[in-house]
Structure formats: structure tokens, C-alpha cells
J.: 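So that we are looking at the same thing, I have put the structure below in C-alpha cells.
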Amino acid sequence: MSAPSPRVRFAPSPTGYLHVGGARTALFNWLFARHTGGTFILRIEDTDFERSSEEMVDGILEGMRWIGLDWDEGPFFQSQRLPLYQAAAQKLIDSGHAYPCFCTKEELEASRAESTAAMYDRRCRNLDPAESKQRRLDGQAAAIRFAVPDGSTSWNDAVFGKVEFANAELEDFVLLRSDGIPTYHLSVVVDDIDMRLTHIIRGADHISNTPKQILQYRALGVELPTFAHVPLILGPDKTRLSKRHGATSVIAYKDMGIVPEAFRNFLALLGWSPGTANKDREIFTSEDLTRLFTLDGISKSDAVFDNDKLAWFNTEYIRAYDSAKLLPLIEAEWRGAGFIPNRAPGEILAAIDLIKPRARSLKDFGDLFRAYFSDDFEYDPAAVTKFLADASLPALLQELGTRYAAAPDFTETSAEELLRAFAAEKGVKAGALINGSRVALTGQAVAPSLFAVMALLGKERVIQRLSTVDKVPQAG
RNA sequence: GGCGCCAUGGUGUAACUGGUUAACACGCCGCCCUCUCAAGGCGGAGAGUUCGGGUUCGAUCCCCGAUGGCGCUACCA
């Protein structure tokens with residue numbers, strides 16, 4: 001019999017938006033599934049009704065779609081599978097692996113306070129089964145606890161190797177709350193079994209939970225899946241990534257003008273490496289990633305989220321993107337910013353091609369580069385100060401404008417020839433005119449080669465913007 | 001506190017089962033190019049692998065301890 005096709009899952013809890021760590025976990029599962037030809041399942045762990053919301057579910061799905069992760073099965077909702085967990089709990093009770101606990105919150109506190117290990121003292125574990133049954137029949141609420149056996153529990157983690165816990169460290173944890181709702185410990189195991197998962201790829205914060213789950217697999221007589229724990233992502237100060245460090249939701253990066261493939265590429269390399277053969281590369285397409293991804297490339301130590309590196313990936317992707325592919329992303333950015341371009345589609349694509357090598361974010365197309373898409377743009381005061389401060393410049397540039405108006409043709413080459421001849425004639429440096437013109441035409445000190453910009457904008461606009469250069473507000 | 005995990009320049013990673021001038025990328029600095037800024041080209045600083053022991057002819061790599069960080073320790077997930 002050959003090994004079954006891998007089945008993996010991403011199982012977020014909709015108590016918040018898809019955050020960076022969750023996205024990376026989802027990505028690794030997805031890459032693993034795609035690499036092995038396996039199945040990627042999406043499961044929503046919404047058993048905490050208080051904190052879960054439909055809005056968060058939508059947010060998570062949106063985040064996954066944004067980074068390009070599609071799932072083969074689901075989304076399944078645990079809230080709709082309650083009978084499954086209850087049946088499993090009953091099975092565990094029947095087989096002597098679990099028992100009802102009638103302790104109140106106060107009793108539990110007292111129990112933990114008395115115990116040296118600060119754990120529940122299992123006082124309900126040895127209740128007479130008949131008595132327990134009667135008390136439940138009488139309507140007394142009971143939580144179902146797992147009866148942790150003696151000994152120790154270990155497994156061979158695909159990332160961390162052998163991990164072992166003494167069972168004495170484990171409390172008789174709750175499987176089913178007294179209201180019949182399962183806890184995480186029960187529902188994950190039941191679902192992971194029911195969905196026939198072969199590999200559990202999840203955050204390393206679950207390492208300590210794993211023995212509790214393994215104990216249930218054994219009690220249920222089910223073979224263990226392969227566990228692969230993935231190191232966590234930390235903030236720049238090496239503490240757990242949180243709002244304190246800035247954006248933590250994946251969609252926030254979309255809103256910051258990050259291109260999805262850049263984000264995915266960046267994320268993939270956080271805690272994973274394609275190995276020696278590819279160590280000189282960092283840019284990987286989705287296809288590269290799925291081809292190269294294996295569990296043994298996952299590292300054991302936590303990784304720090306580096307915004308500078310993300311920004312670098314972003315510029316690389318924006319530059320490499322075809323303008324036609326970039327356009328929808330830019331249009332979304334424009335819509336968000338309330339900006340309406342005033343150009344023909346062909347001109348827009350040409351402008352994107354010209355300026356994309358200089359963009360660091362999709363946002364740049366909506367602010368820094370407005371002058372390429374509209375006649376309604378601002379002049380950057382710093383640029384004016386830097387290149388347009390000379391009092392003699394406006395008049396010169398206006399005169400240059402009239403020369404362009406009188407010129408028979410207007411191409412990148414002819415525009416440059418004319419300007420340089422004009423500079424020589426006036427005894428000024430061509431550079432001064434070029435830089436001044438750049439600010440007059442684009443509002444920015446940073447732009448592509450001036451004459452390429454002129455050719456793009458067209459003769460009329462160049463003349464227009466040069467003629468009104470004296471109206472440009474001087475800074476400060 | 002208890003238990004578990006981790007530890008290579010500022011950051012992400014590499015270094016086959018112990019033998020390398022400890023490599024690559026981001027970031028940083030400088031030079032070239034140049035009409036600005038990026039890009040690109042060239043060069044540079046920055047770790048002797050957290051610290052201390054041990055094993056070994058020889059440890060980033062194996063063992064022990066310490067330290068630090070993180071995680072878990074709920075009728076949250």
C-alpha cells in the first residue's frame with residue numbers, strides 16, 4: 001500500500017484578522033500541499049462564540065485570497081460540527097479515558113491553590129460512575145475532563161525532532177465544557193482525525209499542547225499524524241509580534257501598498273530556506289516556492305519580521321511586474337485614495353512602465369507619481385527648495401517652454417538637444433535646467449530621466465507646466 | 001514559579017554524517033555611472049558562531065551547565 005496523499009489544514013480562530021504569523025502558517029501548509037499534490041483544507045475554529053465573529057471569518061478569507069492561497073476543502077466551521085465532538089467525548093468516557101467533573105470555579109481555584117503543581121487535583125476522577133451518571137441525570141452541570149495517564153508522551157516532530165513531556169506535567173484538561181461546547185483540545189483532535197489529516201503544520205506555540213492531543217489519539221486508537229511545528233515570528237525587539245510593532249494584520253500590508261507576491265515571497269523565507277542549491281537567490285515565484293518547499297527546510301529558531309526586507313521585495317516585484325498586471329493593483333490603490341486619473345489607458349500603461357522602477361510601494365502611484373496621471377498634482381516643497389529656488393530659474397524655464405512651443409518636432413532626443421542648446425546659449429548649466437524642469441513637470445525631485453518624462457507627458461503638457469512654473473509655490 | 005523549545009553579523013538564512021579565509025540576501029558606508037532619485041557595476045565595515053566547561057588531533061556542528069528569548073501552564077484558541 002502506498003502512502004496516502006498528504007492532507008493538511010489551516011485552522012484559524014476567527015477572533016481577529018488574519019495576522020502575519022497565521023498567514024505564514026497557512027502559506028507553509030499550502031506550499032506543502034501544492035508541492036506534494038496533497039489537499040489543503042480550511043477549517044474555522046469558532047468554538048469560542050464570545051470572541052468569534054463572522055466579520056473576522058470574512059477578514060481571514062480575504063487575507064488568504066490576497067496572498068493567493070486557495071483551499072481544496074472547506075471552509076468547515078466547528079460551530080456546525082458540535083455533535084461530532086460530543087460523541088467523541090462520550091466515547092472517551094465510555095472507554096474510561098475521560099470523566100465528568102462537577103467542580104465549580106471556586107472548587108477548582110481551591111484545588112489548584114492546594115496542589116503543589118498548581119494543577120487541578122483530579123478530585124472528580126474517582127467518582128463512582130453510577131453516582132456521576134445520576135448527578136448528571138439530576139441536571140447537574142459537568143465538564144468532561146481527560147484522564148491523563150502516568151508515564152510520558154513523546155513524538156518525533158518533523159521540525160524539532162524528538163520532543164518529550166512527562167504526563168505528570170499535564171492537567172486533566174477539559175474536553176467538553178459544562179455547556180456541551182468542546183474546548184480546542186478536543187475539537188482539533190476530533191477534526192484532524194475526521195478530516196484524515198496526515199500532517200499537522202502549525203505554530204510552535206502549540207508544542208506544549210501536542211502531548212494532550214497525542215494522548216487523545218492513543219485513547220481513540222488512532223494513528224498519529226506527522227507533527228511539524230513552525231517557529232514563531234517576532235517583532236524587531238524580539239518579542240512576540242503584536243500591534244505594538246505596527247501592522248500585524250495581513251490586510252494592513254495590502255493597504256500599505258505591498259504587492260501580494262512580494263509579501264508571500266517574504267513570508268516564505270521567514271523560517272524556511274530552500275537550501276544550499278538556491279542560497280544565492282531570494283526572489284522566488286509561486287511556482288518556484290511550491291517546487292522547492294519541503295518540511296526539512298524549516299528552521300527551529302524564531303524569526304524577526306524585517307520591514308526593510310519586505311520593502312525590498314516589494315520594489316523588486318513592482319519593477320518586475322508587467323504594467324498590465326500592475327494596473328489593477330494600482331487602480332485599487334487609486335480608488336482607495338479617491339484619485340481619478342485623467343489619461344487614456346495606453347498613456348497610463350506607458351507611464352507605469354516609465355516610473356515603476358522607482359516605486360517602493362503601490363501607494364507611490366497615488367501620491368508621488370500623480371503628475372503622470374493627472375494635471376492635478378502637488379509640488380513637493382522639498383523638491384522646490386532643492387531645484388527651483390534660484391530666482392532666475394522660473395523665467396528661464398518659461399522661455400524654454402516657448403522654445404519647445406516653437407520647435408518643429410518634439411521627441412525625447414529633440415527635447416534634449418533643444419534644452420542643451422538653450423543652456424549653452426544662456427550660459428547656464430544644463431543640469432540646472434533639467435532639475436528645475438523636472439520639478440516643474442512632475443512636482444518631485446525624484447523622477448525618471450527628464451526627457452523620457454517629457455516624451456511621455458507630450459508637448460502640450462510640457463509647455464503648459466513650464467509656462468506656469470512661476471506660479472509654483474516657493475517653500476517656507 | 002513549573003515544564004518545553006530555541007540561540008550563526010543589526011535582520012533573514014547557509015555552512016553534506018565535526019576539518020570552510022564562516023557564505024548569500026536585506027540594511028549600512030564609499031566609489032563609478034549621471035539630469036534627480038532609484039536601479040546597475042565595483043569595493044567596504046559588520047559574526048569567529050550567547051557564555052563557560054567537556055569529548056576530540058580538530059567543534060557553528062556532539063555532551064553538560066549557565067544566561068537570554070520565546071511558548072505552554074483556562075470550562076481561550
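This one's a predicted model, so the numbers in the text were calculated from it and none came from an experiment. In the text below, chain A, chain B and the rest are named by the order of the sequence lines, each starting its count at 1.
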J.: Applying a 3.5 angstrom cut-off to the pairing atoms, does RNA chain B sit in any stems of at least three consecutive Watson-Crick or G-U pairs? List them by first number.
T.: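 Consecutive-pair runs (3 or more) involving RNA chain B: B:1-7 with B:67-73, B:10-13 with B:23-26, B:28-32 with B:40-44, B:50-54 with B:62-66.
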J.: Is the charged tip of R81(A) near the ring of F77(A): under 6.0 Å from the six-membered ring centre and within 45° of its axis?
T.: no
J.: If you measure from the C1' atom in rC51(B) to the same atom in rG12(B), how many Å do you get, rounded?
T.: 24 Å
J.: With nearest nucleotides of RNA chain B determined for R240(A) and I207(A) from heavy-atom distances, which residue corresponds to the more 5′ nucleotide?
T.: I207(A)
J.: For atom C1', what is the distance between rA39(B) and rG48(B), given to the nearest Å?
T.: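 Straight-line distance between the two C1' atoms is 35 Å.
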J.: Base of rA25(B), side chain of K309(A) - is there a donor-acceptor contact under 3.5 Å?
T.: yes
J.: Polar atom pairs between nucleotides 28-36 of chain B and protein, under 3.5 Å, N or O only, would you list them?
T.:
unit_1	atom_1	unit_2	atom_2	d
rC35(B)	OP1	R420(A)	NH2	3.3
rC35(B)	O2'	N435(A)	OD1	2.5
rC35(B)	O2	R438(A)	NH2	2.1
rC35(B)	N3	S449(A)	OG	3.4
rC35(B)	N3	L450(A)	N	3.1
rC35(B)	N4	S449(A)	OG	2.3
rU36(B)	O4'	N435(A)	OD1	3.2
rU36(B)	O4'	R438(A)	NH1	3.4
rU36(B)	O2'	A445(A)	O	3.1
rU36(B)	N1	R438(A)	NH1	3.4
rU36(B)	O2	A445(A)	O	2.8
rU36(B)	O2	A447(A)	N	3.0
rU36(B)	O2	A447(A)	O	3.2
rU36(B)	N3	A447(A)	O	2.4
rU36(B)	O4	A447(A)	O	3.3
rU36(B)	O4	S449(A)	N	3.3

J.: Pick base, sugar-phosphate or nothing for E45(A), based on heavy-atom distances below 4.0 Å to the nucleic acid.
T.: sugar-phosphate
J.: For RNA chain B, which residues of residues 159-183 of chain A approach it to below 4.0 angstrom with any heavy atom?
T.: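 Result for residues 159-183 of chain A: F160(A), E164(A), F165(A), E169(A), E171(A), V174(A), R177(A), S178(A), P182(A), T183(A), sorted by number.
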J.: For a quick test of reading the model, state the closest non-hydrogen atom pair linking N209(A) to Y184(A) and the distance between them.
T.: ND2-CE2, 4.0 Å
J.: Please classify the nucleic acid contact of R319(A) as base, sugar-phosphate, or nothing, using heavy-atom distances under 4.0 Å.
T.: sugar-phosphate
J.: Within less than 4.0 Å of OP1 or OP2 of rC70(B), is there a side-chain N or O belonging to S301(A)?
T.: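 So the side chain of S301(A) is outside the cut-off, no N or O lying under 4.0 Å from OP1 or OP2 of rC70(B).
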J.: Are any of the side-chain heavy atoms of V453(A) and I355(A) separated by less than 4.5 Å?
T.: no
J.: Take atom C1' in rC37(B) and the same atom in rG18(B), then report the distance between them in whole Å.
T.: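 Comparing C1' positions in rC37(B) and rG18(B) gives a spacing of 50 Å.
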J.: Which one of Q213(A), Q216(A), R43(A) satisfies the side chain to side chain donor-acceptor pair (under 3.5 Å) criterion with D192(A)?
T.: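 One option only clears the test, and that one is R43(A).
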J.: Could you go through T285(A) and D288(A), starting from their C-alpha distance and side-chain angles, then the distance that decides it, and tell me whether this counts as side chain to side chain donor-acceptor pair (under 3.5 Å)?
T.: CA-CA 5 Å; T285(A) 64; D288(A) 291 336; 3.2 Å; yes
J.: With rounding to whole Å, what would you report as the distance between rA66(B) and rC29(B) at their C1' atoms?
T.: 38 Å
J.: Hey, does N209(A) reach any base, or is it just sugar-phosphate, or nothing, if we go heavy atoms under 4.0 Å?
T.: base
